[in-house]
Amino acid sequence: QVQLVESGGGLVQVGGSLRLSCAASGTISRLIAMGWYRQAPTKQRELVASISYAGSSIYADSVKGRFTITRDNTKPTVYLQMDSLRPEDTAVYYCAAARRIGGSLNENNYWGQGTQVTVSS
């Protein structure tokens with residue numbers, strides 16, 4: 001089985017920073033796309049950022065300029081550096097990985113269990 005394990009969530013004050021990590025294990029290629037989603041109470045799950053094996057990245061407009069997604073292609077591991085955090089960033093953050101090489105993140109992702117990020121004012 002494929003397992004995605006997130007770490008790095010926690011409680012921070014407005015303007016603070018956190019760095020999320022997600023390590024993949026099991027029968028999974030290091031070449032697949034990976035990324036981060038989040039879901040806040042009363043809201044739908046949304047894509048925060050994604051990154052391909054080649055390094056092409058996509059960001060939600062709400063986090064562009066504040067968050068940075070990177071990856072280690074040998075693990076595979078994906079990171080999300082979150083700076084200038086705002087209360088509206090409070091959510092459960094989920095790591096995701098595509099199911100095949102060349103595939104994009106979608107509803108068929110492998111999913112992590114989620115890590116809570118809370119931004120306090």
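- By the 4.5 Å heavy-atom criterion applied to side chains, Ser120 and Leu11 are counted as neighbours.
- Taking the six-membered ring where the residue is Trp, Tyr93 and Phe67 present tilted rings, their angle falling between 30° and 60°.
- Note that the OG1 atom of Thr77 and the CZ atom of Arg30 stand 12.5 Å from one another [nearest 0.5 Å].
- Listed for the Glu6 side chain is a donor-acceptor partner under 3.5 Å among the backbone atoms of Cys95.
- Cluster membership check: Tyr59 shares its hydrophobic cluster with Met34, using side-chain heavy-atom separations under 4.5 Å among Ile, Leu, Val, Met, Phe, Trp and Tyr.
- For Glu88, the CD atom sits in a packed shell: over 12 heavy atoms of surrounding residues, nucleotides or ligands are nearer than 6.0 Å.
- In this structure, the side chains of Tyr37 and Glu46 stay at 4.5 Å or more apart for every pair of heavy atoms.
- Results of the side chain to side chain contact (heavy atoms under 4.5 Å, CB included) test with Arg38 over Val63, Leu80, Thr115 single out Val63 as the only residue that passes.
- Between the OG atom in Ser21 and the CG atom in Asp72 there is a gap of 10.5 Å [rounded to 0.5 Å].
- With hydrogens and angles disregarded, a donor-acceptor distance shorter than 3.5 Å links the side chain of Asn106 to the backbone of Ser104.
- Across all their heavy atoms, Gly103 and Ala33 have their closest contact at O-CB, 3.7 Å.
- Between Trp36 and Ile69 there is a side-chain heavy-atom pair separated by less than 4.5 Å.
- Contact between Ala97 and Ile32 at its shortest, heavy atoms only, is CB-CD1, 3.9 Å.
- For Val92 against Gly114, the heavy-atom pair with the smallest separation is CG1-CA, 3.8 Å.
- Here the shortest heavy-atom pairing between Ser84 and Ser17 reads N-OG, 4.3 Å.
- Placement of Leu47 and Trp111 within a single hydrophobic cluster is found when ILVMFWY residues are connected by side-chain heavy-atom separations under 4.5 Å, directly or transitively.
- Counted by atom type alone, Gln116 and Thr118 present one or more donor-acceptor pairs between their side chains at under 3.5 Å.
- The closest donor-acceptor contact from the side chain of Thr90 to the backbone of Val119 lies under 3.5 Å.
- Checked by atom type, the side-chain pair Glu107/Asn109 shows no donor-acceptor distance below 3.5 Å.
- Side-chain atoms of Gln113 do not come within 3.5 Å of backbone N or O of Val5 as any donor-acceptor pair.
- Here CD1 of Ile58 is found 8.5 Å from CG of Leu105. Values are rounded to the nearest 0.5 Å.
- Side-chain contact check for Thr70 versus Gln81: every heavy-atom pair is 4.5 Å or farther apart.
- For the residue pair Ala24 and Leu4, the shortest heavy atom distance occurs at CB-CD2, 3.4 Å.
- Ion pair Asp89/Arg66 flagged as a salt bridge, since at least one NZ, NE, NH1 or NH2 atom sits closer than 4.0 Å to an Asp/Glu carboxylate oxygen.
- Residues Tyr79 and Met82 do not share a hydrophobic cluster, defined by chaining ILVMFWY side chains whose heavy atoms lie under 4.5 Å apart.
- Between atom OG1 of residue Thr68 and atom CG of residue Asp83 there is a gap of 6.5 Å, rounded to the nearest 0.5 Å.
- Residue Arg71 holds its CZ atom at 7.0 Å from OG of Ser52, rounded to the nearest 0.5 Å.
- Residues Leu85 and Tyr94 do not share a hydrophobic cluster, clusters being chains of Ile/Leu/Val/Met/Phe/Trp/Tyr side chains in contact below 4.5 Å.
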